[in-house]
Structure formats: C-alpha cells, structure tokens
Peer 1: 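Mind having a look at this structure? Questions to follow.
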Amino acid sequence: MDLIKKMVRKNILAMTAYASARSEFTGVAEVFLDANENPFDNGLNRYPDPLQKKLKEKIAIEKQVNPDQIFLGNGSDEAIDLLIRIFCEPGKDEIITLPPTYGMYKVSAALSDVKIVTVPLTVDFKIDTNKVLERVDERSKILFICSPNNPTGNDIPLAQITRLLDHFPGMLVVDEAYIDFSEQDSCTKLLEKYPRLIVLQTFSKAWGLAGIRLGMAFAHPEIIQLLNKVKPPYNINQLTQTAALNALNNVTEKTVNVQSVLEQRAMLKKALNDLNFVKKVYPSDANFLLVQMEEPRAVYNFLLKNNIIARDRSTVTGCAGCLRFTVGTAAENERLITVLKNFKTDSPI
Ligand SMILES: *Cc1c(COP(=O)(O)O)cnc(C)c1O
C-alpha cells in the first residue's frame, strides 16, 4: 500500500530480514537438525516460534482481529522502539507527543536521534487537535496518543482520535496499555478504516504479567510485516509464549482482577478525596489515580518512611502538585489510606 510505503525509511524497505532456521522451515518435521540446538528434551531446548503463531491465533480471537494484524514485542516498549526505527530517519524526522504522557516515546526517539515535537494536553488533559495539526509538516512521521493516558488516567475521546486519523498525514499510534480498565472501545475497531493506525496493548497491566514482557501491536498487515522484518528473530521467548497462552486460556482470572481494581479505584478515590490536604483526584479510566495535593514531596517522603511507594509526578508539566497512585489490593489501599490519615500538614487548605 503506497500510503504506508511512502512513510517507511528507504533502508528498511530495501533490507531483507534475517532468515532463521525455524522461520525457513514449513510443514511437519520430526527430527530437527537445522538449528544447532541441544537435542536433549528439557522443555526449553528448542528455539521458540519466531512468529508466535499459536499465541497470535488466541490473541486474534480475544481481540477480534486477524492474526496477520498482530505483532508481538518484548513489552510494548519494543514495538515503540521498532516503529520509530521503521518510520523515522535519524537526524531528520520527528515524532509528535502530547505531554504529560508516557516517557518511553521520548526516550526511544532520543535513542534514534529523532526530534520530538511536543503539543501539551489541555488543562483537562484532552488533545488540542488544532494545535497538533498546525505543528505537522513533512517530517512528522509518528503521532503518539496514549489512551487512557499515563500519568493523567483519562481516556482521550474517540472523536479526537478519529479527527486526527482523518487529518494527520503520518502514522498514528494509540497506546492502549490501560484499555481494559476503561469503558471506551478499543481503537482496534478502527483498523479496517485507517491503515495508518497502530494500536498498542500489553500483558503488563490488566493481565498481571509485567514479568513476562509481552506487548502487542495491532495494525495493517503491511505494517506488521515491517515490524517482523526488523525485530530480533526470537524476540518472544518460550517461557513468555507459554505463560501468555495459559493466561488466554483463563480470561476469567483477568476479568475478575480488573473488576476488583475498578471497585478499589472507586473506593480509593473517595477515601483520598476525604483527606484535607488532597486538592483534587483526577477522573481515571486506568488502574491508577493522579492526585493533586498540598506538599506532594512531603507526602511522598512520609509514605516512603512508612514503606509505601507512590510515583511523584509533581515536577511534570501539567501535573504540578501531583502524586500518582496505582490501585493495589484492598489491604494495600486500606494501608495507604490509614498512613495518609496520619500525615499532618501546616499548609492552609
Ligand atoms: C505500562 C505502560 C506500557 C507497558 O509497557 P510494556 O513494555 O508492555 O510493559 C505501555 N504504555 C504505557 C503508556 C504504559 O503506561
């Protein structure tokens, strides 16, 4: 598709992928003498499937997409890095990010010597779509939207996303790491209509599998082929593929956990609002709360002394005075509130 091809770096279009032993072979075999592996079966002596076929078939059903619309990465962070390397010419091209937002877009761009153009979110953490479109030029290759957004917690309205899909000429990434905690539909529904859309999701949050490092990118098959071409051949190890398959065979566990987090989020929000030094608990469609308060640093240190770690976002533009709290178990949240009730502030309320 020309629409996609003209956005891709020339060297990426021209290169051929590494052909690993297992990716060259198709069909049924019983004796594997092709990959210099150890022949003694210990469950992990074979290289994993480089294209994770079984896993993608399961994910395709769960996410209602085709297997050829799925890329799997060593965390979504790998997909972010590879997308920047596929579409952005170092020293020339740029990405657009919408701060306050997830820090990895900036880090991956910097690593690739790709310029970062920032268009801050509005005071209520929505996108200033006009301003984004004003900043676009022929070097703007990728626009990163995070929805629900980290660290603010809110959904970006679908109408804003579709407006940008209609008018932004480059690739548009919607990072949906927290989508399972939101009532808003996933943008995967828009993939058929918008071939320049890439949706990122992850096993790190709702699925409770941050330790296995597994991220998903959903996109047009041509974009998936490009990601497969540039990825390390065996980027998803066997332990990870097995753990993810097990999780997909037990979706109920995820559903139950998400439900609990949502109940706890409501409880925590109410309890935080009752504290006299809390100024504002921002609306959240994710598994965390952004909370504006008097003396955030003092509160942070006080929590630390009580062996509780929050995330200090108070120096982040747009998040002045804010700490970010991940929703924990009922017992953890209760402990947080109990400790916070003992925090004394001299500041006027
Ligand atoms: C946590 C998070 C991710 C997940 O990254 P992984 O590499 O898949 O663990 C992605 N995007 C955002 C915005 C996040 O907050």
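The analysis underlying the following values was restricted to heavy atoms, covering all of them including side chains, and did not include hydrogens, waters or symmetry mates. Start at 1 and go down the list; that is how both ligands and their atoms are numbered.
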Peer 1: Side-chain donor-acceptor pair under 3.5 Å between Asn235 and Glu78, yes or no?
Peer 2: yes
Peer 1: Distance under 4.0 Å to a non-hydrogen atom of Lys205: what atoms of ligand 1 satisfy this?
Peer 2: 1 (C), 2 (C), 3 (C), 4 (C), 14 (C), 15 (O)
Peer 1: Tell me whether Glu78 reaches ligand 1 (any heavy atom closer than 4.0 angstrom to a ligand atom).
Peer 2: no
Peer 1: With a cut-off of 4.0 Å, which atoms of ligand 1 are near a heavy atom of Asp77?
Peer 2: 5 (O), 7 (O)
Peer 1: Does some side-chain heavy atom of Ile84 sit less than 4.5 Å from a side-chain heavy atom of Leu111?
Peer 2: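 Counting from C-beta outward, Leu111 and Ile84 never come under 4.5 Å.
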Peer 1: Using the side-chain hydrogen bond (donor to acceptor under 3.5 Å, both in side chains) rule, take Asp77 and Tyr102 through it: C-alpha gap first, then chi angles, then the decisive distance, then the call.
Peer 2: CA-CA 11 Å; Asp77 290 350; Tyr102 188 47; 2.9 Å; yes
Peer 1: Could you point out which residue of Arg9, Arg85, Arg139 forms a salt bridge (charged side-chain N to carboxylate O under 4.0 Å, His left out) with Asp93?
Peer 2: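 Answer after filtering Arg9, Arg85, Arg139: Arg139.
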Peer 1: So, do Leu303 and Phe325 sit near enough that their side-chain heavy atoms are less than 4.5 Å apart?
Peer 2: yes
Peer 1: Starting from atom 9 (O) of ligand 1, what is the nearest protein heavy atom, named by residue and atom, and what distance separates them?
Peer 2: Ser204 OG, 2.7 Å
Peer 1: For Phe288 together with Phe181, are the ring centres under 6.0 Å from each other?
Peer 2: no
Peer 1: Mark up the atoms of ligand 1 that fall under 4.0 Å of a heavy atom belonging to Arg213, in ascending order.
Peer 2: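 So the answer, numbered in order with elements, is 6 (P), 7 (O), 9 (O).
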Peer 1: Can you tell me the protein heavy atom closest to atom 11 (N) of ligand 1 and the distance?
Peer 2: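 Of the protein heavy atoms, Asp175 OD2, 2.7 Å lies nearest.
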Peer 1: Between Glu37 and Arg46, does a salt bridge (Lys or Arg N to Asp or Glu O under 4.0 Å) hold up when you go through it step by step?
Peer 2: CA-CA 6 Å; Glu37 296 150 334; Arg46 298 295 175 189; 2.5 Å; yes
Peer 1: Could you tell me whether Lys63 atom NZ has more than 12 heavy atoms of other residues or ligands within 6.0 Å of it?
Peer 2: yes
Peer 1: To which protein heavy atom is atom 15 (O) of ligand 1 closest, and what is the distance rounded to 0.1 Å?
Peer 2: Tyr178 OH, 2.6 Å
Peer 1: Report the member of Gly73, Ser76, Ala286 with the shortest heavy-atom distance to atom 8 (O) of ligand 1.
Peer 2: Ser76
Peer 1: Can you confirm, on distance only, whether ligand 1 has an N/O atom lying under 3.5 Å from any N/O atom belonging to Asn74?
Peer 2: no
Peer 1: Looking at ligand 1, would Phe203 count as a contact under a 4.0 Å heavy-atom criterion?
Peer 2: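 Contact absent.
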Peer 1: Against heavy atoms of Gly75, which atoms of ligand 1 measure under 4.0 Å?
Peer 2: 6 (P), 7 (O), 8 (O)
Peer 1: Go through ligand 1 atom by atom and flag the ones less than 4.0 Å from a non-hydrogen atom of Cys146.
Peer 2: 13 (C)
Peer 1: Within a distance under 4.0 Å of any heavy atom of Ala177, pick out the atoms of ligand 1 and give their elements.
Peer 2: 2 (C), 3 (C), 10 (C), 11 (N), 12 (C), 14 (C)
Peer 1: Check whether more than 12 heavy atoms from other residues, nucleotides or ligands sit under 6.0 Å from atom NZ of Lys254, and answer yes or no.
Peer 2: yes
